[in-house]
Structures are given as C-alpha cells and as structure tokens.
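This one's a predicted model, so the numbers in the text were calculated from it and none came from an experiment. Chain letters run A, B, ... following the sequence lines, proteins first, then strands; residues in each count from 1.
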Number of protein chains: 2
Amino acid sequence: MNENTTKLTPTSVLNLWHGVMLRALRDEHPDLTARQFALLLHVYLTPPPHTVRGLAAELNMSKPAVTRALDRLGRHDLARRKRDHADKRSVLIQRTVKGSVYLREFGDMAARVAAEL
Amino acid sequence: MNENTTKLTPTSVLNLWHGVMLRALRDEHPDLTARQFALLLHVYLTPPPHTVRGLAAELNMSKPAVTRALDRLGRHDLARRKRDHADKRSVLIQRTVKGSVYLREFGDMAARVAAEL
DNA sequence: AAAGTCCGTTTCGCCTGCGTAACGACATGA
DNA sequence: TCATGTCGTTACGCAGGCGAAACGGACTTT
C-alpha cells in the first residue's frame with residue numbers, strides 16, 4: 001500500500017528492530033514498558049477520543065494497568081488526562097508537545113537505523 | 001545500503017512499530033522486557049561467541065541483569081548456556097531451535113504488518 | 001428518587017526486575 | 001606457589017508492574 005515500506009523482509013525488519021532497541025538501550029531512554037510504549041504510540045497514531053476503557057480494550061490490558069501507564073506517562077509529561085465535559089465519569093487522554101517531540105525523535109532515530117542497514 | 005528497506009520514513013517506521021507492538025500485545029507474547037528481547041535479538045543476529053561480559057558491554061546492561069535475562073530466556077528455551085572449554089570461567093550463550101522459530105515468526109509477523117501499512 | 005449500571009481509580013498481595021556488593025571458581029603472572 | 005585479576009553468579013533491599021476486587025462518583029432507567 002505504502003510506497004515507503006515496499007519489500008521490508010522478515011530478516012530486514014528483525015535487523016531494524018535489533019538496531020533500534022540497541023540504540024534505545026545505549027541512549028538510556030526513560031524506560032517504558034512495552035505496554036506503556038504501545039499506549040503512547042496508540043494515543044499519538046490513532047484518532048481521538050481516547051478513554052481508559054477504550055485503550056484497555058484495544059491494547060488488551062486491564063483498566064488498572066492503563067491507569068498506571070497513564071500515571072507514568074503523565075509524570076514524564078508524555079500524555080495528559082482531561083475530564084470529559086459531556087460525561088464526567090470519563091477521562092480523555094490527550095497528547096502533549098513533549099510527547100510529540102519524543103515520538104518524532106524516536107521515529108527519526110529508527111529511520112536513521114533503517115537507512116544504515 | 002539494503003534495497004529492501006529503501007525510504008523507510010520516520011512516520012512509517014512509527015506506524016510499523018505501533019502495529020507490531022499491538023499485535024504482540026494481542027497475541028499475549030511471553031512478555032519479555034525490552035532488555036530481554038534486545039538480548040535475544042543480539043544473540044541471534046550478531047556473530048558468536050557471546051559471553052555475559054560481552055553482552056553486558058554491548059547492550060549497556062550490568063552483568064547481573066544479563067545473568068537474569070539469560071535465566072528467563074533459558075526458562076523459555078529461547079537461549080542456552082554452555083561452559084567454555086578453553087576458559088572455564090566463561091559461559092558461551094547459544095541459540096536454540098525454539099528461539100530461531102520464535103524470532104522467525106516475529107519477523108514474519110512484522111513484515112506482514114509492514115505490508116499492510 | 002431509588003436501583004442499577006458504567007467509569008476510572010485505589011487497594012491489596014504477589015511477582016519480577018534493578019544495581020551494588022560480595023562470592024567461589026578459574027586463570028595468570030611473578 | 002601464591003597474589004592478583006577476571007569470569008559469572010548469588011544475596012540483598014528496593015522500586016515498580018500486574019490482576020482481582022472493591023470503591024466513590026456520575027449517568028440511566030424505572
């Protein structure tokens with residue numbers, strides 16, 4: 001579908017993954033769990049609105065796990081909570097500038113690794 | 001360098017990462033830490049021999065962390081230890097059939113995700 | 001307005017990871 | 001031989017994640 005990712009073979013994607021994780025470890029990235037990172041990606045790459053319940057279902061996590069992940073991301077200012085006006089029980093998860101920068105840098109780094117394959 | 005990964009942009013690699021992690025969560029992959037997974041990839045994608053000390057240096061981990069990661073991978077039969085005959089202090093980390101299968105399946109899954117981008 | 005439902009959070013006990021420091025086994029050099 | 005260094009592991013205390021269950025607050029239904 002996307003011209004930019006044509007012919008990415010299993011072997012090359014493994015090498016990509018390896019290179020990126022290696023870089024992430026060396027750069028001492030704020031260590032996010034796989035789930036926390038997946039949550040972050042999900043909030044930034046899929047259309048809003050995002051609720052705790054919705055994220056839990058889509059990411060196959062329990063609600064408390066989502067709550068805790070949001071606590072952690074919030075502490076790093078990578079995501080923010082905002083009460084829903086329409087339904088005050090709900091919480092809307094929003095993006096932050098710092099989160100956008102963080103993911104953009106991650107993407108740039110990964111693209112660089114891919115280029116050096 | 002590699003024709004198979006031409007023009008992988010920051011945006012597309014982020015989408016790839018997102019899709020793969022989503023799949024991994026849904027499929028309830030044996031949850032390996034980032035470090036454990038990086039270690040696994042390193043053992044399979046870089047040339048032997050691999051020692052605890054060497055892996056610790058290359059992955060920017062402490063030696064005990066490597067030991068524990070190897071315990072975990074060993075329990076899942078994804079990697080194996082073998083004493084070095086030449087220097088009996090050392091341990092050589094070896095690949096297993098199950099580990100090869102596991103990574104091949106991961107690579108296939110990731111390539112499939114990339115194709116569907 | 002009372003009963004029931006839904007939302008996100010908190011609490012609880014458990015499990016696993018972490019780095020530092022100390023350890024025994026082995027190798028090496030004087 | 002024996003002092004010193006290096007190998008991987010273990011011991012320790014700490015920090016953080018996990019799911020199940022219970023919770024208060026907010027909607028909805030009757």
Closest of C:dC26, C:dT10, C:dG19 to the B:Lys88 side chain is C:dC26
5′-ward residue of the pair A:Met61/B:Val52 relative to DNA chain D = B:Val52
Options C:dT9, C:dG8, D:dC7, nucleotide nearest the side-chain atoms of A:Arg81 | C:dT9
Quickly work out the A:Lys82 NZ to C:dG8 P distance and round it to whole Å.
-> 15 Å
Give a yes/no answer on whether the side chain of B:Arg75 brings an N or O atom under 4.0 Å of OP1 or OP2 in C:dT16.
-> no
Rounded to the nearest Å, what distance is computed from the CG atom of residue B:Asp71 to the P atom of nucleotide D:dG8?
-> 14 Å
Within this structure, what is the CG-to-C1' distance between A:Leu73 and D:dG17, rounded to whole angstrom?
-> 14 Å
Assess whether side-chain contact (heavy atoms from CB on, under 4.5 Å) is satisfied between B:Asn60 and A:Glu28, documenting all intermediate values.
-> CA-CA 9 Å; B:Asn60 196 28; A:Glu28 315 258 3; 3.2 Å; yes
Under 4.0 Å: is that the gap between some side-chain N or O of A:Arg89 and OP1 or OP2 of D:dC27?
-> no
Base, sugar-phosphate, or nothing: which does B:Asp87 touch, judged by heavy atoms less than 4.0 Å apart?
-> sugar-phosphate
Can a side chain N or O of A:Arg83 be found less than 4.0 Å away from OP1 or OP2 on C:dC7?
-> no
Starting from C1' on C:dC15, measure out to CG on B:Leu32 and report it in whole angstrom.
-> 16 Å
Which part of the nucleic acid, if any, lies within reach of A:Ala86 when heavy atoms closer than 4.0 Å are counted: base, sugar-phosphate only, or nothing?
-> sugar-phosphate
Within the structure shown, what part of the strands sits under 4.0 Å from A:Arg68 by heavy-atom distance: base, sugar-phosphate, or nothing?
-> base
Close side-chain approach of A:Arg81 to A:Leu92, heavy-atom, < 4.5 Å = no
Verdict with reasoning, A:His18 to B:His42, per side chain to side chain donor-acceptor pair (under 3.5 Å) = CA-CA 7 Å; A:His18 174 235; B:His42 204 74; 2.8 Å; yes
Nucleotide D:dT9, atom C1' - distance to CD1 of B:Ile93 in whole Å | 13 Å
When the distance from CG of A:Asn60 to P of D:dG17 is rounded to whole Å, what number comes out?
-> 19 Å
Comparing nearest nucleotides in DNA chain C, the 5'-proximal residue of the pair A:Ser90, B:Ala69 is A:Ser90
Between B:Lys63 and B:Arg72, whichever has its closest DNA chain C nucleotide further toward 5' is B:Arg72
d(CG, A:Leu25; P, C:dC18) in whole Å = 10 Å
Between B:Thr33 and C:dG17, is there a side-chain N or O to OP1/OP2 distance below 4.0 Å?
-> no
May I ask you to verify if any side-chain N or O of B:Gln36 is less than 4.0 angstrom from the OP1 or OP2 atom of C:dT16?
-> no
Roughly how far, to the nearest 0.5 Å, is CZ of B:Arg89 from OG1 of B:Thr51?
-> 11.0 Å
Check the distance between D:dG17's C1' and A:Phe37's CZ and give it to me in whole angstrom.
-> 18 Å
For side chain to side chain donor-acceptor pair (under 3.5 Å), just list the numbers for A:Tyr102 and A:His29, CA-CA rounded to whole Å, side-chain angles, deciding distance to a tenth of an Å, and then say yes or no.
-> CA-CA 10 Å; A:Tyr102 177 81; A:His29 265 238; 3.1 Å; yes
Of the nucleotides D:dA20, D:dT9, C:dA27, which has the atom closest to the A:Pro64 side chain?
-> D:dA20
Side chains of B:Leu16 and B:Val113: does their closest heavy-atom pair fall under 4.5 Å?
-> yes
